[in-house]
Participant: 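First the structure, then my questions, so here it is.
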There are 2 protein chains.
Amino acid sequence: MNIYDIAELAGVSIATVSRVVNDSPRVSEKTKQKVRTIMEEHGYTPNVFARGLGLDSMKTIGILCPDVSDAYMATAVAHLESRMHEHGYDCILCCSGFEQSVKEKYVSLLLAKRIDALLMVGSTYAGTGESDKNTQYVRDAAKQIPVFLINGFLDGENIYCAYGDDYQATYDVTSQMIETGRKRILFLCDSHSYSANQKLAGYESALKAHGLPVLGDLKLYVKNRIHTVRDILLERRDLRFDSVVATDDGLAVGAIKYANAKLLKVPENLCITGFNNSALSICSDPELSSIDNRVEELCNISVDNMMKILLGEETEVNRNNRIPCRLIKRCTTDF
Amino acid sequence: MNIYDIAELAGVSIATVSRVVNDSPRVSEKTKQKVRTIMEEHGYTPNVFARGLGLDSMKTIGILCPDVSDAYMATAVAHLESRMHEHGYDCILCCSGFEQSVKEKYVSLLLAKRIDALLMVGSTYAGTGESDKNTQYVRDAAKQIPVFLINGFLDGENIYCAYGDDYQATYDVTSQMIETGRKRILFLCDSHSYSANQKLAGYESALKAHGLPVLGDLKLYVKNRIHTVRDILLERRDLRFDSVVATDDGLAVGAIKYANAKLLKVPENLCITGFNNSALSICSDPELSSIDNRVEELCNISVDNMMKILLGEETEVNRNNRIPCRLIKRCTTDF
DNA sequence: CTGAAAGCGCTAACAA
DNA sequence: TTGTTAGCGCTTTCAG
């Protein structure tokens with residue numbers, strides 16, 4: 001059943017059917033009704049490929065993230081899908097992992113699919129914030145379609161970023177630890193992404209601002225697996241620390257497990273904060289204080305900006321959207 | 001840059017270019033090389049819409065799930081995407097929630113996009129296992145394209161199911177609780193889906209098989225939020241139980257929080273099992289014993305079957321794939 | 001307000 | 001081995 005069949009059944013031309021499908025005002029209400037009835041009776045659906053060929057768009061966007069099975073990204077993807085759906089767009093989801101070549105391959109694949117825009121979730125797509133060669137593929141993609149980065153910043157034409165102020169959040173929380181008497185703050189991290197580097201910078205700045213030394217030993221990079229973190233901490237008997245600033249909830253829960261194993265009082269003897277305010281934070285015991293970088297808001301900003309761009313209002317949109325994070329206080333902090 | 005441009009630059013016809021793109025054997029190696037060089041030099045990518053129009057396929061499948069932000073579904077989606085990608089297929093992701101009308105709308109939307117197959121994750125799409133009217137839309141979709149159901153069973157032409165044996169798993173775990181001396185086993189549940197009903201049946205069978213009464217009071221349906229579960233349990237001072245069979249890890253963790261709040265010894269005074277073996281289970285304290293229904297295997301079965309069907313080997317595939325679950329033992333059980 | 005017809009870029013049957 | 005050409009189903013000028 002195609003547009004010709006409908007046209008014939010309705011006794012009009014295909015042009016008229018097309019106009020009805022697209023709700024053009026240049027059709028009399030009477031023929032509109034007539035055609036619509038026929039279409040419904042026969043369950044007609046326009047062929048999206050043909051339409052795509054003509055319009056060079058299938059109203060589809062690409063969502064790229066390293067791994068949807070990660071809670072943070074899953075939340076983001078769920079929210080993005082829902083918001084895009086409101087606007088009549090479908091989402092092609094791709095999980096690239098963290099490897100450069102795979103990320104690049106996925107982006108070209110997505111571009112070949114002629115998506116209308118590309119949404120990238122996760123600061124891994126922003127590089128480390130230093131060299132440019134690892135982010136060139138993003139810039140190249142932006143030459144073809146608008147690119148939206150969630151949770152990372154990358155400066156470039158047609159690249160629109162929305163991210164939480166990880167620097168400030170980490171600065172603040174570190175400062176509060178110091179102000180409540182902590183002197184040896186462990187920085188627990190699992191990557192060197194743009195976001196991770198921002199958090200590190202915030203941590204170091206706070207130490208310096210309060211006249212504390214930045215100790216290499218207290219910057220610990222480990223795999224983000226709860227038991228692994230706990231065990232590493234347990235083994236490092238040389239390492240002394242009275243508090244933990246973790247860049248992810250999983251790492252922080254590892255620290256909680258460590259505290260429980262050593263029978264340390266939390267937060268009195270060990271003060272801990274996590275990042276992302278995930279389900280883990282209310283699952284652990286004691287429950288974890290965690291910095292919420294408000295993914296849903298980041299998603300909303302990106303989607304709103306995208307719709308503006310797609311409708312040709314690029315002049316009105318800010319390429320650099322940084323929003324404050326907030327600390328969700330639970331039981332592993334006393335501030 | 002389209003096929004005509006390439007053809008002209010290479011001094012061949014568009015048919016030849018098309019053959020090169022599709023790696024047809026009916027082109028001399030020499031011209032193949034020549035054309036390929038030109039294509040690369042100019043960064044030519046075939047237009048997927050035009051190709052889709054001709055082949056009536058864009059090598060895209062639809063993945064429908066109620067909510068990707070749920071850990072179980074996120075894992076499934078991540079795995080599915082990765083496996084489909086291996087086979088050169090892209091995935092359109094849709095999150096339908098649990099409302100009937102929305103689920104139906106999403107399915108028609110996906111069908112209109114001319115996907116090659118539909119993957120549905122979650123037993124909500126299998127109905128309750130009783131009436132047929134809630135699953136008619138699934139059967140209708142199956143008239144157009146093959147439908148694959150993960151974690152639920154629905155009998156029907158062109159519908160292929162893969163699910164864990166929730167009945168048996170729940171039967172076994174309930175039996176073990178009884179055999180280790182428990183007499184009042186609370187069944188904690190948050191839905192009436194096909195899967196939930198299977199679990200309930202397993203629970204009830206086990207009670208009967210061991211000569212224990214099936215008590216209405218001990219079947220508790222609550223919202224799947226950790227603190228809510230804990231609070232409800234705390235309030236129900238009339239309710240006596242010595243063990244908990246939860247249909248989801250979140251519910252089970254709620255029970256753990258309840259036990260901790262009441263200073264009950266786990267598992268001695270309260271034995272608890274969860275379902276899905278999610279990240280929550282190693283996060284809680286004590287860590288949760290949980291039934292793993294092996295999503296990844298379910299996904300693999302579905303993807304393998306799908307590829308067979310898409311390649312026209314439907315005779316070889318089983319529509320009803322039930323696989324055993326396994327209990328991952330941690331600290332909330334003593335068996 | 002409606003229709004005829006020219007694309008959109010590719011695939012595949014048919015010719016050569 | 002290669003080229004010609006007729007679709008695939010829709011959108012959109014251009015005429016009327």
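Sequence lines set the chain letters: A, B, ... in the order given, protein chains first and strands last, and positions in each chain run from 1.
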Participant: When every nucleotide of nucleotides 4-14 of chain D is labelled 5' to 3' by its protein contacts under 4.0 Å (heavy atoms), B for base, S for sugar-phosphate only, - for none, what sequence of letters results?
Facilitator: BB--BBBBBB-
Participant: Look at the side-chain N and O atoms of A:T31 and state whether any lies under 4.0 Å from the OP1 or OP2 oxygen of C:dC1.
Facilitator: no
Participant: In whole angstrom, give the distance that lies between atom NZ of B:K34 and atom P of D:dT1.
Facilitator: 14 Å
Participant: Between C:dC10 atom C1' and B:I6 atom CD1, what is the distance in whole Å?
Facilitator: 13 Å
Participant: Counting neighbours of CD on A:Q136 that are heavy atoms of other residues, nucleotides or ligands and sit closer than 6.0 Å, is the number greater than 12?
Facilitator: yes
Participant: Side chains of B:Y163 and B:N320: any donor to acceptor distance under 3.5 Å?
Facilitator: yes
Participant: Parallel under 30°, tilted from 30 to 60°, perpendicular over 60°: which one fits the rings of A:F148 and A:Y160?
Facilitator: parallel
Participant: Within a radius of less than 6.0 Å around NZ of B:K105, do more than 12 heavy atoms belonging to other residues, nucleotides or ligands occur?
Facilitator: no
Participant: Ignoring hydrogens and angles, state whether a donor on the side chain of B:R51 or B:N22 is under 3.5 Å from an acceptor on the partner side chain.
Facilitator: yes
Participant: May I ask you to check whether over 12 heavy atoms, not counting those of A:E313, lie within 6.0 Å of atom CD?
Facilitator: yes
Participant: Atom NZ of B:K32 and atom P of D:dT2: how far apart are they, to the nearest Å?
Facilitator: 10 Å
Participant: I'd like to check B:Y194 versus B:N151 (side-chain heavy atoms, cut-off strictly below 4.5 Å). Are they in contact?
Facilitator: no
Participant: Rounded to the nearest Å, what distance is computed from the CG atom of residue B:D56 to the C1' atom of nucleotide C:dT11?
Facilitator: 13 Å
Participant: Find the bend of the helix from C:dC1-D:dG16 to C:dA16-D:dT1 as the angle between its two terminal axes (five pairs each), to the nearest 10°.
Facilitator: 40°
Participant: Within this structure, what is the NZ-to-C1' distance between A:K30 and C:dT2, rounded to whole angstrom?
Facilitator: 13 Å
Participant: Considering residues at least two apart in sequence or located in another chain, which fulfil the salt bridge (Lys or Arg N to Asp or Glu O under 4.0 Å) criterion with B:K103?
Facilitator: none
